[in-house]
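Within every chain, numbering begins at 1; the chains are lettered A, B, ... in the order of the sequence lines, protein sequences first and strands thereafter.
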Protein chains: 2
Amino acid sequence: MKQTGDLNLVKKINKTIVLHHIRTDSPISRARIAEITGLTKATVSSLVNELIESSLVEEIGVGESSGGRKPMMLLFKGTAGYAIGVDLGVHDILAVLTDLTGKVIREKRIQHHNESVEHVTRLLTTTIRELIDTAPESVYGVIGIGLGVPGICDEEGNLLFAPNLGWENVPLQAQLEAEFGLPVVIDNEANAGAVGEKQFGAGKDTANLVYVSIGMGIGAGIIIRNELYRGATGFSGEIGHISIQHDGPKCRCGSLGCWELYASEHALLEQAGQELGHEVDLESLLSKAENGDAGVIQLFERLGYYLGVGVVNIINGFNPEFIILGGRLAGGEKWLMKPLLELLEKRSLPHPRKQLKVEFSELQDRSTVLGAASFAVAKFFASTTVSVERS
Amino acid sequence: MKQTGDLNLVKKINKTIVLHHIRTDSPISRARIAEITGLTKATVSSLVNELIESSLVEEIGVGESSGGRKPMMLLFKGTAGYAIGVDLGVHDILAVLTDLTGKVIREKRIQHHNESVEHVTRLLTTTIRELIDTAPESVYGVIGIGLGVPGICDEEGNLLFAPNLGWENVPLQAQLEAEFGLPVVIDNEANAGAVGEKQFGAGKDTANLVYVSIGMGIGAGIIIRNELYRGATGFSGEIGHISIQHDGPKCRCGSLGCWELYASEHALLEQAGQELGHEVDLESLLSKAENGDAGVIQLFERLGYYLGVGVVNIINGFNPEFIILGGRLAGGEKWLMKPLLELLEKRSLPHPRKQLKVEFSELQDRSTVLGAASFAVAKFFASTTVSVERS
DNA sequence: AATAGTTTGTAAATTCATTAAACAAACTTA
DNA sequence: TAAGTTTGTTTAATGAATTTACAAACTATT
């Protein structure tokens, strides 16, 4: 249901706006906030003082005068609390402790061989516990845990289906909340990655973007008007299973000719294995290409072509301004980019393409983990804040 | 920018909520609205009385008592104003005059041979003028015009590109606003159709749906959480140009193997023309199939297969609860449905499919025109109302 | 019929966040 | 030194919702 309005709501809305400006445009003065937002100076003063009271904002001294009294500059106090972000991978766990601004305080990387759900979740909890224990003293302490997982989640934070982990129906959120007594957010790794790119990566200034995570499978996180877009039931972006050849080979999802059969890491390794006559891993392929191995380079270029086919579908279906390619395969940027861009040039509609950018991630393998941490921070602020869109 | 909060906003929010309940749950009493919304009886009373003052709501007499004083029942006054809805087709114009509830008061259908933009827009304006002139006397009069067009529009209401009409960069909204001095909304016919189905058709009780319009091309309107989803720059759903065969035949959009090359009315007619050795139209194919012509039936079934291929892509990419198939080809439902459903059963992921429904439109060719009219009504109300989502 | 209890809707007093206006403090510029 | 600017606070006014009280209209029970 829609929420009714009262004075309390008004205050929440305005407090959120004021905090937002302090978070994004800091250092900033009370007067400048009033000017930008249209709120009166009195209102801003009152709200800012409450935010200082609750330790989320601090005064850092006077700034430059512009012809009158010097302004008192305000800063968001990122160290008022800390968040945990985790990227649960198929063979490794990457976990970080960040402050409320998303700055990484500590990072931990652990390999696992995915023996069992119990084994991996035990690794997960000990890793998280360790990071929590090293968190500096702060007003709010560790405010929550965000998790990016290689699979489909529902709204209650159950990991419904993670084919590459071989997991099904794991109530991860409930387990972790019980373990740590903290708010936990769980989402698909591509969704988390998209948020990570939006907040900290190449997508900072773009309201509409698609993050394509190219790993063993292909997933996508979609951000529309600065917000993560989720499908009807909370999990969309199973974009790797959009068919690019209706009578192609059978995919484990049931459909035929799915994109990820052609353009994923798995597809590359399979293809390379056939051509070379023995199994290879991504690292060795990358170094071979680096050394000028023409056959391997051709494999990458072929992959670039197939990546392009799917990217054209994303452009025509979702019409984003910016497509960011991430995941492990992003290491092959050098050989993937050219055939991909050539294909786009040839095959996408002129209207949507006009303002389109396609780039590889600059956060490398940290998009997901940073996005996950920012989920936790967002949940923390959502509990006390609200917003209204202009109609 | 986000809007700041003040008392005015609070009132708008609550007034919108109260009006919403009167529009959807009528007849309803003041006391019941207070109960549902959580607003106090005093607040509801005050807002309802203002709505009565502005002629949007009326009292229709007392209702049944539930053990105490009889309630005064309230009704939304649909006849306080009227709206125009238009479906601008490739060969015809369908226009309606509706009241504020969307009830059709008058309908007009006109053929055109698409001689020129000037000719068609002249037809359009005379048609609209005629409907406006027949609108009954009312408090607000005709409050606006909504238009569904077979092409891509921008936010300023320019028709950027309508390949099947052969139009490009027509400032339709500005032209019509100048002509009639009324607010005009223009959008893609598939978007309008989706809204029409959501408001008046099979999608009334579904928050997330995709409307697929199968005509000369294929378009889609996507509704997420009860709201029309538009891509980044205001036009998405060019879903007909998602490739289902990466090395297929060339499409006029530049890409290869686009869905609409396989599953549109155009594709059907082309195929039929080849097989029969002469040109045919949809009507004759439908009647042949009706008479049991096995060859033609097979054509429809093949089309059903290709429809299914694209629908699987929509399911995996957008994950809706409900897919509604509309447009002229919907007439072939009888032969299209079976192969389509068989394909879905075989090829879509088990998780998304669980709660999925696929149906043909029950509004026939009126989805778009009704959606267009409701755009006009929505714009009228948006000028005085606002809403907040619970965080 | 009389009484008790319920439901509907209005009225009066209170609360509280914002605005508007006035002002003090701190600074720059001429 | 005086005049003008900018910053941020104080005070009074505004107005929408809430709380509390209450009158009117009805049902059910004795």
Quick one: label [X] by what it contacts on the DNA or RNA (base, sugar-phosphate, nothing), any heavy atom closer than 4.0 Å.
X      : value
K41(B) : base
S66(A) : sugar-phosphate
S65(A) : sugar-phosphate

Original post:
Do any pairs count as a side chain to side chain donor-acceptor pair (under 3.5 Å) and have a residue in residues 193-203 of chain A, sequence neighbours left out, and if so which ones?
Top reply: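 The answer is E197(A)-S361(A), E197(A)-S367(A), K198(A)-N226(A).
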**OP:** Hey, which sits more toward the 5' end of DNA chain D by its nearest nucleotide, L47(B) or G68(B)?
**Re:**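 Nearest-nucleotide comparison on DNA chain D picks L47(B).
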Original post:
Is there a residue in residues 27-35 of chain A whose heavy atoms reach under 4.0 Å of DNA chain D, and which residues are they?
Top reply: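 Residues of residues 27-35 of chain A that come under 4.0 Å of DNA chain D are, in numerical order, S29(A), R30(A), A31(A).
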In whole Å, I'd like the distance from the [atom1] atom of [X] to the [atom2] atom of [N].
X      : N       : atom1 : atom2 : result
L7(B)  : dC16(C) : CG    : P     : 14 Å
D6(B)  : dA20(C) : CG    : P     : 10 Å
N49(B) : dA11(C) : CG    : C1'   : 13 Å
K70(A) : dA26(C) : NZ    : C1'   : 9 Å
Q3(A)  : dA17(D) : CD    : P     : 14 Å
M73(B) : dG9(C)  : CE    : C1'   : 14 Å
K15(B) : dA16(D) : NZ    : P     : 10 Å
E64(B) : dT7(C)  : CD    : C1'   : 14 Å

**OP:** Report yes or no: does D187(A) contribute a side-chain atom to a donor-acceptor pair with the main-chain N or O of N191(A) at less than 3.5 Å?
**Re:**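 No; judged by distance alone, with no hydrogens or angles, the pair does not exist.
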Original post:
Counting only N and O atoms by type, is there a donor-acceptor contact under 3.5 Å from the side chain of T43(B) to the main-chain atoms of L39(B)?
Top reply: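 Such a contact is absent between T43(B) side chain and L39(B) backbone.
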Original post:
Are Y82(B) and Y140(B) close enough that their ring centers fall under 6.0 Å?
Top reply: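 No - the distance between ring centres of Y82(B) and Y140(B) does not fall below the 6.0 Å cut-off.
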Can I get a per-line list of side-chain donor-acceptor pairs under 3.5 Å for residues 53-65 of chain A, giving both atom names and the distance, sequence neighbours left out?
{"unit_1": "S54(A)", "atom_1": "OG", "unit_2": "E50(A)", "atom_2": "O", "d": "3.3"}
{"unit_1": "S54(A)", "atom_1": "OG", "unit_2": "L51(A)", "atom_2": "O", "d": "3.1"}
{"unit_1": "E59(A)", "atom_1": "OE2", "unit_2": "R30(A)", "atom_2": "NH1", "d": "3.0"}
{"unit_1": "E59(A)", "atom_1": "OE2", "unit_2": "R30(A)", "atom_2": "NH2", "d": "2.7"}
{"unit_1": "S65(A)", "atom_1": "OG", "unit_2": "G67(A)", "atom_2": "N", "d": "2.9"}
{"unit_1": "S65(A)", "atom_1": "OG", "unit_2": "G68(A)", "atom_2": "N", "d": "3.0"}
{"unit_1": "S65(A)", "atom_1": "OG", "unit_2": "G68(A)", "atom_2": "O", "d": "2.6"}

**OP:** Take S138(A) and T79(A) through the test side chain to side chain contact (heavy atoms under 4.5 Å, CB included) and record every step on the way to the result.
**Re:** CA-CA 7 Å; S138(A) 64; T79(A) 55; 5.8 Å; no
**OP:** May I ask you to evaluate whether N8(B) reaches the phosphate of dA16(D), defined as a side-chain N or O under 4.0 Å from OP1 or OP2?
**Re:**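 It does not, given that no N or O in the side chain of N8(B) lies less than 4.0 Å from OP1 or OP2 of dA16(D).
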**OP:** Grab the two heavy atoms, one from G146(A) and one from A376(A), that are nearest each other, plus how far apart they are.
**Re:**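 Smallest heavy-atom distance, with atoms named: N-CB, 3.8 Å.
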Subject >> Counterpart residues, salt bridge (charged side-chain N to carboxylate O under 4.0 Å, His left out), relative to E156(B) (two or more places apart) >> reply: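 If we apply the salt bridge (charged side-chain N to carboxylate O under 4.0 Å, His left out) test to E156(B), skipping adjacent residues, there are no hits.
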Original post:
Does R23(A) have any salt bridge (charged side-chain N to carboxylate O under 4.0 Å, His left out) partners at least two apart in sequence or in another chain, and if so, which?
Top reply: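 For R23(A), no residue satisfies salt bridge (charged side-chain N to carboxylate O under 4.0 Å, His left out) once neighbours in sequence are set aside.
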Original post:
Heavy atoms, side chains only, cut-off 4.5 Å: are K77(A) and L100(A) in contact?
Top reply: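 Of all side-chain heavy-atom pairs linking L100(A) with K77(A), none is under 4.5 Å.
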Subject >> Proximity to the side chain of P71(A) - top-ranked nucleotide from dT10(D), dG8(D), dT18(C) >> reply: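 Ranking dT10(D), dG8(D), dT18(C) by closest atom to the P71(A) side chain puts dG8(D) first.
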Subject >> Side chain of R69(A) (C-beta onward), nearest among dG9(C), dA26(C), dT18(C) >> reply: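 Taking heavy atoms from C-beta onward, the closest nucleotide is dA26(C).
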Original post:
How would DNA chain D look in dot-bracket form, 5' to 3', counting Watson-Crick and G-U wobble pairs with both distances under 3.5 Å and writing | for bases paired to another strand?
Top reply: ||||||||||||||||||||||||||||||
Subject >> Which residue lies more 5' along DNA chain C, comparing S46(B) with V62(A) via nearest heavy atoms >> reply: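 That would be S46(B).
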